[in-house]
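This report concerns only the one structure given below.
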Number of protein chains: 2
Amino acid sequence: MAGRAAVPEVIWARPERTGRGPRPAYTRADIAAAAVRIADAEGLDAVSMRRVAGELGCGTMSLYNYVPRKEDLYELMMDAVSGEHELWEPCGDWRADMIRVAHQTRDLMHRHTWLPRLMSPVYGFSPNALRYLEHCLACLDPFEAPYGTKMELVAMVNGVVTTYVGNEIATVERTRSLPWSQEQENAVRIAYLGRQVASGAYPRLAASFAEAAGPIDLEGVFERALTRVLDGFA
Amino acid sequence: MAGRAAVPEVIWARPERTGRGPRPAYTRADIAAAAVRIADAEGLDAVSMRRVAGELGCGTMSLYNYVPRKEDLYELMMDAVSGEHELWEPCGDWRADMIRVAHQTRDLMHRHTWLPRLMSPVYGFSPNALRYLEHCLACLDPFEAPYGTKMELVAMVNGVVTTYVGNEIATVERTRSLPWSQEQENAVRIAYLGRQVASGAYPRLAASFAEAAGPIDLEGVFERALTRVLDGFA
DNA sequence: AGCGCACTACGTACGCTGTACGTAACTAGG
DNA sequence: CCTAGTTACGTACAGCGTACGTAGTGCGCT
């Protein structure tokens, strides 16, 4: 009954197949792909054990043979999409390579908008995550600094990307569960914010709003944040 | 039936008391305080509508007269603890003031470990959040830059603090729902990680681990991240 | 060769969640 | 005074993660 043992374990330390018993009907990759498909199409909250089992075509509780806890399903999902990271030969300019890494991660998160939400709570070092981390360190070979600093740089870049894409996506993802449209939601919030700012209680905030003409250039904000972070390390 | 209208609205735009009907038994502050008490003591997941109502001593569905959706309860909670921010007279050195802001936010999050988890998805501009934002802008008065840049600085500092404290807290918060201890969890994960690193597949990661003697100095990591971000703006 | 055990599969059931809805009591405005 | 808008709250529903029991399957060992 190893599958039911209430024992701390990392899913990646569990062999996918032990040899004994009937051969499993699905692979971890199958399960991860099904979950990712659901999350991409209907949002992370649509990913339930029942729903994934349904997508696979098996009974709900059969899933628990592969995935002891739901959190492990999340780790499977993250590892699966981490595998989409393209790992290139570093060009020798660590700054350029880190910018490329950041852009790629951002694209990945745009493709899988549920990623930022999972990044924070789950600090798993899945196989593909380790590969990605190693690649980042390879990009930083020309950066003369102790590994501690390099790790902090990687963490910082990842953190900034996660935060920014998370903010970009927040509204979209949130309105998925609401009975009204994203435009209505935004309109209401902006109207309220405008009223508050117009009240005169927040002069600098008001000035800030007055200064801003048109919508925010998210792309530019991201780019600037990135270069500033890298500047801070150089 | 305004309380039941399925209409987009911000909770802060709803008057707390309209005049008609029996006078409400609780204030928003009461409700927020109850929810915060639960979250502080037992974690965010312990905050359910039933639980909060129980803490207040009323029926579950009575809560919905005050809080149309659970997400609004979260906004109430965030606003309540945002009120704990001390707002001082800026000292004239925006760098020093921003560092002080960051430290205070960090302390706040240590006191209320569920805050980082709520920060990302909820982008509410509650009264106390606006006050806090205005205060940050006041601290940045000596920083000669357009308001757009100042806002990006504030967002960046807040983002970094949220990310770092979130990471600090992740393990602690996560093990709350697990049947085994945080130490066991960590031991298992470290053992797995050590095995992977020792496999030779990740040479730089291995070097990085070899370099690190003893546990990570989280305090130092935070401090360095902060100064680097500020450096990137100056 | 065959026994036993570890494994897969899966239905049922429990306690929990957010919340829609109906009803009764109450009170301020017209 | 009346009535409309509120508060209060019990009941109910659909969904969740998952503990547990049971039946069938096939590898590894003796």
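To find a chain, count down the sequence lines: A is the first, B the second, and so on, and within it residues start at 1. As the structure is a computational prediction, the values presented were derived from the model and not from experiment.
- For Tyr132(B), the ring-ring contact (aromatic ring centres under 6.0 Å, His included) partners are His85(B), not counting sequence neighbours.
- Sorted by first then second residue, the salt bridge (charged side-chain N to carboxylate O under 4.0 Å, His left out) pairs that include residues 128-137 of chain B, not counting sequence neighbours, are Arg204(A)-Glu134(B).
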Check the interface with nucleotides 14-20 of chain C: list each N/O to N/O pair with the protein under 3.5 Å, or write none.
{"unit_1": "dT17(C)", "atom_1": "OP1", "unit_2": "Ser48(B)", "atom_2": "OG", "d": "2.9"}
{"unit_1": "dG18(C)", "atom_1": "OP1", "unit_2": "Lys70(B)", "atom_2": "NZ", "d": "2.6"}
{"unit_1": "dG18(C)", "atom_1": "OP2", "unit_2": "Met49(B)", "atom_2": "N", "d": "3.0"}
{"unit_1": "dG18(C)", "atom_1": "N7", "unit_2": "Arg50(B)", "atom_2": "NH2", "d": "2.6"}
{"unit_1": "dG18(C)", "atom_1": "O6", "unit_2": "Arg50(B)", "atom_2": "NH2", "d": "2.8"}
{"unit_1": "dT19(C)", "atom_1": "OP2", "unit_2": "Tyr64(B)", "atom_2": "OH", "d": "3.2"}
{"unit_1": "dT19(C)", "atom_1": "OP2", "unit_2": "Lys70(B)", "atom_2": "N", "d": "3.1"}
{"unit_1": "dT19(C)", "atom_1": "O4", "unit_2": "Arg50(B)", "atom_2": "NH2", "d": "3.3"}

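- With sequence neighbours left out, the side-chain hydrogen bond (donor to acceptor under 3.5 Å, both in side chains) criterion links Ser208(B) to no other residue.
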For nucleotides 24-30 of chain C, just jot down a letter per nucleotide in 5' to 3' order: B, S or -, based on protein non-hydrogen atoms under 4.0 Å. --BBB--

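- Put simply, OH on Tyr66(A) is 12 Å from C1' on dC10(C), counting in whole angstrom units.
- Judged as a salt bridge (charged side-chain N to carboxylate O under 4.0 Å, His left out), the pairs with a partner in residues 45-70 of chain A (not counting sequence neighbours) are, in order, Arg37(A)-Glu55(A), Glu42(A)-Arg51(A), Asp45(A)-Arg117(A), Arg51(A)-Glu55(A), Arg69(A)-Asp72(A).
- The shortest distance between the side-chain N/O atoms of Ser62(B) and the OP1/OP2 oxygens of dT7(D) is not below 4.0 Å.
- Within residues 29-37 of chain A, no residue is approached by DNA chain C to less than 4.0 Å at the level of any non-hydrogen atom.
- With sequence neighbours excluded, the residues that form a side chain to side chain contact (heavy atoms under 4.5 Å, CB included) with Val165(B) are Arg106(B), Met109(B), His110(B), Pro116(B), Val161(B), Glu168(B), Ile169(B).
- Residues passing the side-chain hydrogen bond (donor to acceptor under 3.5 Å, both in side chains) test with His135(A): none are found, sequence neighbours excluded.
- With sequence neighbours excluded, no residue forms a side-chain hydrogen bond (donor to acceptor under 3.5 Å, both in side chains) with Tyr192(A).
- The CG-C1' distance, from Asn65(B) to dG10(D), rounds to 14 Å in whole Å.
- Partners of Asp30(B) by side-chain hydrogen bond (donor to acceptor under 3.5 Å, both in side chains), not counting sequence neighbours, listed by chain and number: Thr27(B).
- In this structure, Leu56(B) places its CG atom 11 Å from P of dA8(D), rounding to the nearest Å.
- Phe222(B) meets the ring-ring contact (aromatic ring centres under 6.0 Å, His included) test with His103(B); sequence neighbours excluded.
- For the pair Leu130(A)/Leu193(B), a side-chain contact is recorded, criterion being any heavy-atom separation below 4.5 Å from C-beta on.
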